[in-house]
Amino acid sequence: MRTLYQVDSFTTTPFTGNPAGVILDAEGMTEGDMLAVARELNNSETAFVLPADGADHDVRVRFFTPTTEVPTCGHATVGAHFARAVEYGLPSAELVQKTGSGLRQRVEIHRDGDRVRIGMRQGAAMFGPELDGTQVDRLLRALGVAAGDLADVGPVQVVSTGHSKVLVELRARAVVDGLRPDPAALTALSREVGSNGFFVFTRDTAEAGPELLTWARMFAPAIGIAEDPVTGNGHGPLGAYLVHHGIVPAPDGTLAFTGRQGVAMGRPGEVAVRVEAQPDGTLLVSIQGDAVTAFRTRLDA
């Protein structure tokens, strides 16, 4: 039997935020076993925790959607290390996780009494192609919005800090909340642009509170995720995008902000993002979030 957690990430309220399955003792499981569990739990991602296989990291974690393995996942990283901290009574600490793709990422456990927050350093920001006019038109039609709904500040672009997203800014929060995307059209466009996720955001957050900079939704039907509630690997690229294009001021090369996501799904959550520009122009991105246990059980299969 194995220990199974379901953790709601980027929230302190159960059944909000982004749910992630976590198998804490996945040693001996095959890739098929992991995929079967991820499919059964039917979360956007499930994390499988494995022992380190080298001296350059402390723990390995593999991430699966219900249909495929993905290289990394923000909310499932938060969920995995929150579950480890709770299960083993871990103190505040810094460690390195190695993912299924070989990517090594710094993870921080922040414990304050019973409250546990998890932070992670994502990969260096990589800026991919900007969508051309025809592709942008197709994307807007797939999202069900008009050309006038698109903000004209930055390009629609593929950006990655480990798992790429297409970033698209819309003008109004009401439009973002009202999106009714066409999954087939988004899947076709994913294959064309080489990115499976569409992270749609707005900076129209004044009525939501001064502490928020962005309001977002994320769709990835190409990998079996119709909509992801709160996306760590969307907010990281978003922070890098905002700094790279000078859309938001970054005094001394640093931008820190909070993004909200999941409201339209009834699963609101918040991600704290920090971007630090290095002297060589590299953008280092970190995210941080709360988490809460939805349930803990034993997996018999």
Side-chain angles (χ1 to χ4, degrees), residues 9-10 18 45 47 54 56-61 63 70-82 92-110 117-130 153-155 157-167 169 195 197 199 201 203 211-214 216 218 230-261 269-291:
S9 299
F10 302 123
N18 200 346
E45 274 93 3
D56 59 354
H57 60 284
D58 301 290
V59 64
R60 286 185 293 144
V61 186
F63 303 97
V70 293
T72 184
C73 176
H75 86 275
T77 292
V78 171
H81 293 283
F82 175 86
S92 296
E94 183 176 309
L95 56 96
V96 176
Q97 76 169 12
K98 178 182 175 182
T99 72
S101 67
L103 179 67
R104 289 163 180 81
Q105 298 170 307
R106 190 186 74 192
V107 175
E108 297 172 344
I109 299 170
H110 302 274
R117 287 174 62 87
I118 304 297
M120 65 176 292
R121 169 67 58 82
Q122 298 185 332
M126 304 292 291
F127 295 89
E130 299 178 11
V153 179
Q157 185 175 22
V158 177
V159 185
S160 176
T161 55
H163 190 194
S164 74
K165 302 291 181 286
V166 177
L167 298 180
E169 182 176 6
S195 182
F199 194 80
F201 72 97
R203 287 175 291 131
E211 75 283 1
L212 295 177
L213 176 64
T214 61
M218 203 285 285
V230 193
T231 313
N233 280 330
H235 279 89
L238 170 61
Y241 171 92
L242 295 174
V243 172
H244 179 74
H245 291 291
I247 296 170
V248 175
D252 299 321
T254 299
L255 172 65
F257 70 94
T258 299
R260 181 174 293 169
Q261 191 184 340
E270 295 184 357
V271 182
V273 184
R274 184 177 180 87
V275 183
E276 298 172 283
Q278 303 303 293
D280 64 358
T282 301
L283 296 177
L284 300 182
V285 181
S286 300
I287 63 168
Q288 189 177 114
D290 287 293

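These numbers come from a predicted model, not from an experiment. Numbers for residues simply follow the sequence, beginning at 1. Values below: every heavy atom of this structure, side chains too, minus hydrogens, waters and symmetry copies.
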Between D56 and R104, does a side-chain contact (heavy atoms from CB on, under 4.5 Å) hold up when you go through it step by step? CA-CA 9 Å; D56 59 354; R104 289 163 180 81; 2.6 Å; yes

With side-chain contact (heavy atoms from CB on, under 4.5 Å) as the test, would you mind laying out the steps for H75 and V230 before giving the verdict? CA-CA 7 Å; H75 86 275; V230 193; 5.9 Å; no

Heavy-atom closest pair, residues [X] and [Y]:
X: L212; Y: G259; value: CD2-C, 4.5 Å
X: V61; Y: A47; value: CG1-CB, 3.8 Å
X: V78; Y: A291; value: CG1-CB, 4.0 Å

Does a side chain donor of either T77 or Q105 reach within less than 3.5 Å of an acceptor in the other side chain? no

State, without any angle test, whether R121 and S286 hold a side-chain donor-acceptor pair at a distance under 3.5 Å. yes

What's the separation between atom [atom1] in [X] and atom [atom2] in [Y], rounded to the nearest 0.5 Å?
X: N18; Y: C73; atom1: CG; atom2: SG; answer: 7.0 Å
X: Q122; Y: H235; atom1: CD; atom2: NE2; answer: 10.5 Å
X: S164; Y: M126; atom1: OG; atom2: CE; answer: 11.0 Å
X: Q97; Y: H57; atom1: CD; atom2: NE2; answer: 10.0 Å
X: F199; Y: E169; atom1: CZ; atom2: CD; answer: 11.5 Å
X: S9; Y: H81; atom1: OG; atom2: NE2; answer: 11.0 Å

Do the non-hydrogen side-chain atoms of E108 and M120 ever get within less than 4.5 Å of each other? no

T72 vs N233 side-chain heavy atoms within contact, under 4.5 Å: yes

Verify side-chain contact (heavy atoms from CB on, under 4.5 Å) between I109 and I118, making sure each step is shown before the conclusion. CA-CA 5 Å; I109 299 170; I118 304 297; 4.0 Å; yes

Would you confirm whether the ring centroid of F63 sits within less than 6.0 angstrom of the ring centroid of H163? no

When the side chains of residues 238-256 are checked against the rest of the protein, which donor-acceptor pairs come out under 3.5 Å, sequence neighbours left out?
unit_1 : atom_1 : unit_2 : atom_2 : d
Y241   : OH     : P155   : O      : 2.5
H245   : NE2    : Q157   : OE1    : 2.7

Check: P71 main-chain N/O paired with T99 side-chain donor or acceptor under 3.5 Å: yes

Under 3.5 Å, is there a donor-acceptor pair between the side chain of R274 and the main chain of A272? no

Tell me every residue that passes ring pair (Phe, Tyr, Trp, His ring centres under 6.0 Å) with F201, counting only those two or more places apart in sequence or in another chain. none

Ion pair R260/E211, N-O distance below 4.0 Å: yes

With side-chain hydrogen bond (donor to acceptor under 3.5 Å, both in side chains) as the criterion, how do T231 and Q261 come out once you've worked through the C-alpha distance, each side chain's angles and the decisive distance to 0.1 Å? CA-CA 8 Å; T231 313; Q261 191 184 340; 3.0 Å; yes

Could you walk me through whether L95 and V59 pass the side-chain contact (heavy atoms from CB on, under 4.5 Å) check? CA-CA 8 Å; L95 56 96; V59 64; 4.0 Å; yes

Salt bridge (charged side-chain N to carboxylate O under 4.0 Å, His left out): pairs with one or both residues in residues 277-291, sequence neighbours excluded: R115-D290, R117-D290

